[in-house]
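So the structure is just underneath, and the comments pick up after that.
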Amino acid sequence: MAKEKITGAEALMRSLVHEGVTTLFGYPGGAIMPVYDALYSYRDKLNHILVRHEQAAAHAAQGYARVSGRVGVCMVTSGPGATNTVTGIADAMMDSTPIVVIAGQVGTAMLGSDAFQECDLVGVTQPISKWSYQIRRPEDVAWAVSRAFYIAKSGRPGPVVLDFAKNAQVGMVDYEPCNIDFIRSYVPVPKADPDAIRQAAELINNAKRPFLLVGQGVEIGGAQDEVRRLMETADIPAGCTLLGLSALPSEHPLNMGMLGMHGSLASNVKTQECDVLIAVGMRFDDRITGKLSTYATGAKKIHFEIDPSEINKNVPVDVAVLGNCKQTLSDVLALVKPNHHEEWVNSFAEYQDRENEVVIEPEIHPAEGPIKMGEVVRKVTEMTANKAVLVTDVGQNQMMAARYFKFTECRSIVTSGGMGTMGFGLPAAIGATFGTPGRMVCLFLGDGGMQMTLQELGTIMEQHSPVKIILLNNNYLGNVRQWQEMFFGSRYSFTHMMNPDYNMIASAYGIPSRTVVERAELEDAIREMITTDGPYLLQVAVIEEGRVLPMCSPGNDVDNMVLDY
């Protein structure tokens, strides 16, 4: 039977459908035009979201992937279209987010000639992706797409880049779908070592002061239940990384809060006092550890990790348990004995009470003065029954949202962790609405990040994407301003912002909006936002010189936290 001949561009469409793709984010241009022409006939199967900038396509794909657990896809043209995605690719690599970026490229006969909008995208993105490959022949399309999706979603997830030469798009091919689930040189999930499993269980069983660090790998691996079982069986308190916050219910009695620079005082102090430190799916980032030479020096350390390159990279460990943490935790649980650490668990309360009195209560329930960021965040999470998806931009808005938002469901936080990309929030929130269409998506961002990807209000307008935008406007680049206050003698060098009229901008895009200046209006405005169908912009004028506290200053011991200054 004769095979059907189709173009490489249509082979891409069929391969995407074969991979189960239903949504992609993109922006057309010259070198990708044959693909967009093929897409025209697949509009019933592939929902293409036209963004307003290629960086937003990558970030939207990230937001989609983070909440759905599926691979996010974006499609752009060559040259500047492709290079505009680089920030999103690097961000996805740092935060282990599975996306596939498909970029147009000049024909192979023109490669190396400095043709119009030619760029060595493979060379640019190899250091910041799991795999970067140039498709030069239509015969390679199905294979490359299948391999790309397998690499992006397997093991430790990450971004993959396909550079699609124009001659491969228009050339004809006998199409056959491809299914790749094995690559000889690629071991996505290392085999667990039974000795490591036994050693980990033994350390946990004999611990007097165990402490569990919950990272995003718990969410990626679907190991939330196993983590809770370990905590509850062995009576182990836990702290969460920024990206791991929704892996545990915020109100779980053994959840002691966020770790790291702006984390909870109790979690950071007790990290230094524990005798067994159990890290699951996290990479010992510098914002978590503080000064490495003094980090948890009295503790035996167990590291559950899927990526061997993370073992002993920053913090030497006593037991490395390689593999998918869902399986390895289950194996360890079979050997863990029920235990009680009542005195140890209760010892966290002293530090929780102190932080609550000095930092939290004044932030979420101020007696007077301007509105504070923390009180806005807490009010929003309470009025959405702690069930919304939290998306943040980067800066003070991010840290305040992470500290004061509450989580009851998994995969509920989307933020730029490793890269700290300002402008991430708005497009990522758009992607999140498509990744989990039944849930409310609440985006917190500052006036600085808002203006970096402001054009994506056009995408929201066209798609009627129901993003609830909470703009915490302090007229500053708040995080930089705080560091200038703390470390540079309050010399606010180019951090004050002149802002436009955001309500007029929202109106121009057909997005309902409201600005709150007085505390008495806040609750009614939030209620209006969450009951309005579709998108909404709520701008809140917050205290200009607000501070995110507690804070562990860079280079200090992780338990050396400033509560006030």
Side-chain angles (χ1 to χ4, degrees), residues 204-205 207-216 218-219 222-260 262-282 288 296 299 302 304 325 329-330 332-333 336-361 363-365 374 377-378 381-382 384-388 390 401-413 550 559 561:
I204 292 169
N205 286 334
K208 303 299 181 187
R209 301 182 306 280
F211 191 46
L212 184 66
L213 311 184
V214 178
Q216 187 194 196
V218 173
E219 295 261 62
Q224 298 92 340
D225 289 343
E226 287 76 12
V227 163
R228 284 197 291 270
R229 283 173 53 207
L230 177 61
M231 291 166 59
E232 292 163 4
T233 299
D235 198 25
I236 304 175
C240 298
T241 67
L242 172 64
L243 297 181
L245 281 172
S246 65
L248 290 178
S250 299
E251 299 302 324
H252 192 290
L254 289 170
N255 186 350
M256 301 301 172
M258 188 167 71
L259 300 159
H262 289 296
S264 92
L265 176 64
S267 287
N268 286 342
V269 168
K270 294 302 177 178
T271 294
Q272 300 293 70
E273 295 180 7
C274 71
D275 64 351
V276 175
L277 190 70
I278 309 153
V280 185
M282 53 89 72
I288 296 295
I302 306 168
F304 289 83
C325 61
L329 282 171
S330 181
V332 168
L333 273 163
V336 167
K337 301 171 184 176
N339 211 333
H340 296 284
H341 300 288
E342 186 176 359
E343 183 178 350
W344 167 241
V345 172
N346 290 340
S347 71
F348 284 73
E350 171 190 351
Y351 299 96
Q352 291 173 322
D353 292 344
R354 184 178 170 201
E355 181 181 346
N356 192 60
E357 178 184 354
V358 177
V359 178
I360 296 175
E361 277 301 311
E363 180 69 33
I364 64 174
H365 296 125
V377 174
R378 183 56 59 86
T381 189
E382 287 174 350
T384 55
N386 302 327
K387 293 185 179 298
L390 169 66
R403 283 184 53 80
Y404 296 111
F405 209 80
K406 298 290 186 181
F407 301 99
T408 57
E409 299 182 28
C410 301
R411 289 193 174 273
S412 293
I413 182 167
D559 59 336
M561 301 199 80

Query - Ile364 and Glu382, any side-chain heavy atoms less than 4.5 Å apart - result: no
Requested in this report: Tell me, please, which residues at least two apart from Lys208 pass side chain to side chain contact (heavy atoms under 4.5 Å, CB included).
Outcome: Asp275
Query raised in the report: What's the spacing between Thr241 OG1 and Leu259 CG if we round to 0.5 Å?
Result: 7.0 Å
Query raised in the report: Among Ile204, Leu329, Ile236, which residue meets the side chain to side chain contact (heavy atoms under 4.5 Å, CB included) test with Val336?
Result: Ile204
Query - Other residues, nucleotides, ligands: >12 heavy atoms within 6.0 Å of Glu357 CD - result: no
Requested in this report: Would you name the heavy atoms of Cys325 and Val218 that are closest together and state the gap between them?
Outcome: SG-CA, 4.1 Å
Requested in this report: State, to 0.1 Å, how close Leu248 and Ala238 come at their nearest heavy-atom pair, and which atoms those are.
Outcome: CD1-CB, 4.0 Å
Query - Residue list, salt bridge (charged side-chain N to carboxylate O under 4.0 Å, His left out) with Glu226, at least two apart or on another chain - result: Lys326
Report task. Decide side-chain contact (heavy atoms from CB on, under 4.5 Å) for Tyr404 and Ile360; before the verdict, give the C-alpha distance in whole Å, the side-chain angles of both, and the deciding distance to 0.1 Å. Result -> CA-CA 9 Å; Tyr404 296 111; Ile360 296 175; 3.9 Å; yes
Requested in this report: With the side chain counted from C-beta on, respond yes when Val276 and Ile302 share a heavy-atom pair under 4.5 Å apart, and no when they do not.
Outcome: yes
Query raised in the report: salt bridge (charged side-chain N to carboxylate O under 4.0 Å, His left out): which pairs involve residues 336-353, sequence neighbours left out?
Result: none
**Report entry** Heavy-atom pair with the smallest gap, counting every atom of Ala207 and Asn339
**Finding:** O-ND2, 4.5 Å
Query - Which atom of Ile278 lies closest to which atom of Pro210, heavy atoms considered - result: CD1-CB, 4.5 Å
Query raised in the report: Who are the side chain to side chain contact (heavy atoms under 4.5 Å, CB included) partners of Ala299, not counting sequence neighbours?
Result: Cys274, Leu277, Ala296
Query - Value rounded to 0.5 Å, distance of CZ in Arg403 from CG in Leu242 - result: 12.0 Å
Report summary line: Scanning both residues in full, the closest heavy-atom pair of Asp559 with Val269 reads CB-CA, 3.7 Å
**Report entry** Arg209 side-chain N/O to Trp344 backbone N/O, donor-acceptor pair under 3.5 Å
**Finding:** no
Query raised in the report: Should Leu245 and Phe405 count as side-chain neighbours, where that means a heavy-atom distance under 4.5 Å?
Result: no
Query raised in the report: CG of Leu213 to CE of Met282: how many Å apart, nearest 0.5 Å?
Result: 5.0 Å
Query - For Tyr351, all residues meeting ring pair (Phe, Tyr, Trp, His ring centres under 6.0 Å), sequence neighbours excluded - result: none
Query raised in the report: Say you draw a straight line from CZ of Phe211 to CD of Gln272; how long is it, rounded to the nearest 0.5 Å?
Result: 10.5 Å
Query raised in the report: Pairs in or reaching into residues 242-253: which pass side-chain hydrogen bond (donor to acceptor under 3.5 Å, both in side chains), with residues at least two apart or in two chains?
Result: Glu219-Ser246, Glu232-His252, Glu251-Lys406
Requested in this report: Supply the atom-to-atom distance Asn386 CG to Thr408 OG1, rounded to the nearest 0.5 angstrom.
Outcome: 6.0 Å
Query raised in the report: Any side-chain heavy-atom pair from Pro237 and His341 closer than 4.5 angstrom?
Result: no
**Report entry** Any donor-acceptor N/O pair, Thr233 side chain to Leu230 backbone, under 3.5 Å
**Finding:** no
Query - Shortest non-hydrogen contact from Val214 toward Ala247 - result: CG1-CB, 3.8 Å
Query raised in the report: Is it true that Lys270 and Glu273 make a salt bridge, defined as a side-chain N closer than 4.0 Å to a carboxylate O?
Result: yes
**Report entry** Any donor-acceptor N/O pair, Thr271 side chain to Ser267 backbone, under 3.5 Å
**Finding:** yes
